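Quick notes on the structure that follows.
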Amino acid sequence: MNPAIRIEGVTKCFGSVQALAGIDLEIAEGEFFGLLGPNGAGKTTLISALAGLVRTDAGHLAVMGHDVVADYRAARRRLGVVPQELVFDPFFSVRESLEIQSGYFGIRDNAAWIDEILENLDLTAKADTNMRQLSGGMKRRVLVAQALVHRPPVIVLDEPTAGVDVELRQALWGFIRRLNRDGHTIVLTTHYLEEAENLCGRIAMLKQGRIVALDTTANLLRRFSGHTLRLRLAPGNGLPETLRALTKGEADGAYVFSLENCEGIEGILADLRNAGCRVDDIEVGKPDLEEVFLRVMERG
């Protein structure tokens, strides 16, 4: 079976700047995949190449087995992209924009699906409103709707929730999760790492045009992050020397320990009991994708 997306040896330079430096990546059908990296890492360039908006210098890209250059019509039909920029036609209403977008793919009688998209993105009340009268968050919803209007099996979301309020963000992710359960492949780029941690089964991290980490979200959290234990001792209690060497430091009067798993907590508390120390406050932190991201970017 062909993967939903296949990227082989892709490079791209803009003058002296190498945006992509040999990307190899396969994304299976039905995955919810995260593509993370700092600004300038090459994420948008890679998405633009996948959508046929940028010609690469070398390598091949395919969507559902269709080469994005040699078989571009079939590749475009199977891909829906939500761009990072707010691009819209100011002369049409929301519904007209979606009907025109349907026409680009030769789709007629698409009213029922358009109505469903509008309802799920909370745009029904704005269906007949001109695009230029919408707020930034509303315009971004329409961009999501345009990417979905031809029911593509592969959906790429480039910062889809930037500038979107919390309520809509939850509604949007509920809708996208449903599409993923129905078999759609989702590729997400986002600076909201909590979103990526909660949504994506597998993640690739880019830095300077190269993939520097690629694994399941759970494995990345295990490899590069861990649990943290924050302890505040009662006044007059000092941390035993046996434990002082294990701390990451002291912050706001609390000692912070970094642990691979929860089992280490029991040993620390036992040492405190044996030393006669009394604990005023204790807090256990779970592995965090933000910490993983920072460590991977530092290692490069």
Side-chain angles (χ1 to χ4, degrees), residues 3-5 7 23 25-39 41-44 46-47 50-51 63-64 78-84 116-117 119-123 137 140-148 151-207 211-226 285-297:
I5 293 175
I7 301 169
I23 300 292
L25 180 65
E26 284 192 2
I27 300 172
E29 286 189 46
E31 273 200 90
F32 205 130
F33 190 88
L35 191 62
L36 308 181
N39 292 332
K43 305 185 299 296
T44 299
L46 186 61
I47 290 170
L50 200 61
V63 179
M64 301 297 290
R78 287 158 178 79
L79 183 69
V81 178
V82 180
Q84 189 173 348
E116 185 173 347
I117 294 173
E119 181 179 353
N120 279 281
L121 294 175
D122 198 20
L123 285 168
R140 192 163 294 282
R141 300 186 207 188
V142 178
L143 293 184
V144 175
Q146 287 180 323
L148 301 177
R151 300 178 189 251
V154 181
I155 302 165
V156 179
L157 308 167
D158 192 3
E159 300 287 350
T161 55
V164 172
D165 61 71
V166 175
E167 186 177 357
L168 172 69
R169 189 176 297 174
Q170 296 302 318
L172 172 62
W173 288 133
F175 185 37
I176 296 299
R177 278 193 179 102
R178 196 193 88 192
L179 292 173
N180 183 236
R181 287 195 299 270
D182 291 343
H184 292 261
T185 303
I186 311 294
V187 180
L188 168 68
T189 79
T190 180
H191 286 297
Y192 300 110
L193 297 184
E194 185 178 349
E195 286 184 345
E197 183 176 341
N198 292 333
L199 293 165
C200 300
R202 203 159 59 104
I203 289 173
M205 295 186 182
L206 270 65
K207 182 179 180 181
I211 294 177
V212 292
L214 172 62
D215 210 333
T216 65
T217 307
N219 283 345
L220 287 172
L221 290 169
R222 279 194 293 267
R223 285 168 54 199
F224 293 102
S225 185
K286 296 172 62 177
D288 179 69
L289 190 61
E290 183 173 339
E291 183 182 354
V292 174
F293 182 81
L294 292 173
R295 288 191 179 185
V296 169
M297 292 304 117

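The structure displayed is predicted, hence computed values, not measured ones.
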Exercise for the section: State the CG-CD1 distance between Leu79 and Ile155, to the nearest 0.5 angstrom. Expected result: 9.5 Å
Completion exercise
Between Thr44 and Gln84 the two heavy atoms that sit nearest each other are OG1-OE1, 3.3 Å
Fill in the blank from the handout: In terms of heavy-atom contacts, Leu193 and Glu290 come closest through CD1-CA, 3.5 Å
Problem - Any donor-acceptor N/O pair, Lys207 side chain to Val212 backbone, under 3.5 Å - result: no
Problem - Any side-chain heavy-atom pair of Ile176 and Leu157 under 4.5 Å - result: yes
Fill in the blank from the handout: Distance col, row Leu36:CG vs Thr189:OG1, nearest 0.5 angstrom, shows 8.0 Å
Problem - Shortest non-hydrogen contact from Val82 toward Leu143 - result: CG2-O, 4.0 Å
Handout entry: Thr185 and Glu31: side chain donor to acceptor below 3.5 Å
Key = no
Handout entry: Charged N-O contact under 4.0 Å between Glu194 and Arg169
Key = no
Problem - Donor-acceptor pair, side chain of His184 and main chain of Pro152, under 3.5 angstrom - result: yes
Problem - Backbone of Leu123 reached by a side-chain donor or acceptor of Arg141 within 3.5 Å - result: no
Exercise for the section: May I ask you to test the Phe32-Leu188 pair for a side-chain heavy-atom distance under 4.5 Å? Expected result: yes
Practice task
Without swapping roles, check the side chain of Glu197 against the backbone of Leu289 for a donor-acceptor pair under 3.5 Å.
Solution key: yes
Handout entry: Minimum side-chain heavy-atom gap Val144-Leu148 below 4.5 Å
Key = yes
Completion exercise
Rounding to 0.5 Å, atoms CG (Leu220) and CZ (Phe293) come to a distance of 12.0 Å
Practice task
Establish, from distance only, whether the side-chain atoms of Asn180 and Arg177 form a donor-acceptor pair under 3.5 Å.
Solution key: no
Fill in the blank from the handout: Nearest heavy-atom contact between Pro153 and Met64 is CG-CG, 4.1 Å
Exercise for the section: Count the heavy atoms belonging to other residues, nucleotides or ligands that lie under 6.0 Å from CD of Glu26, then report whether that count exceeds 12. Expected result: yes
Handout entry: Minimal non-hydrogen separation, Met297 against Pro38, with atom names
Key = SD-CD, 3.5 Å
Practice task
Provide the closest heavy-atom pair for Ile203 versus Phe33 in the form atom of the first, atom of the second, distance.
Solution key: C-CZ, 4.2 Å
Practice task
Output yes when Asp215 and Arg202 qualify as a salt bridge under the 4.0 Å nitrogen-oxygen rule, no when they do not.
Solution key: no
Practice task
Would you indicate whether the side-chain heavy atoms of Tyr192 and Pro160 approach each other to under 4.5 Å?
Solution key: no
Handout entry: Any side-chain heavy-atom pair of Thr190 and Glu159 under 4.5 Å
Key = yes
Handout entry: Asn120 side, atom CG; Leu172 side, atom CG - distance, nearest 0.5 Å
Key = 10.0 Å
Completion exercise
Taken to the nearest 0.5 Å, the spacing of Ile211 CD1 from Ile7 CD1 works out to 7.0 Å
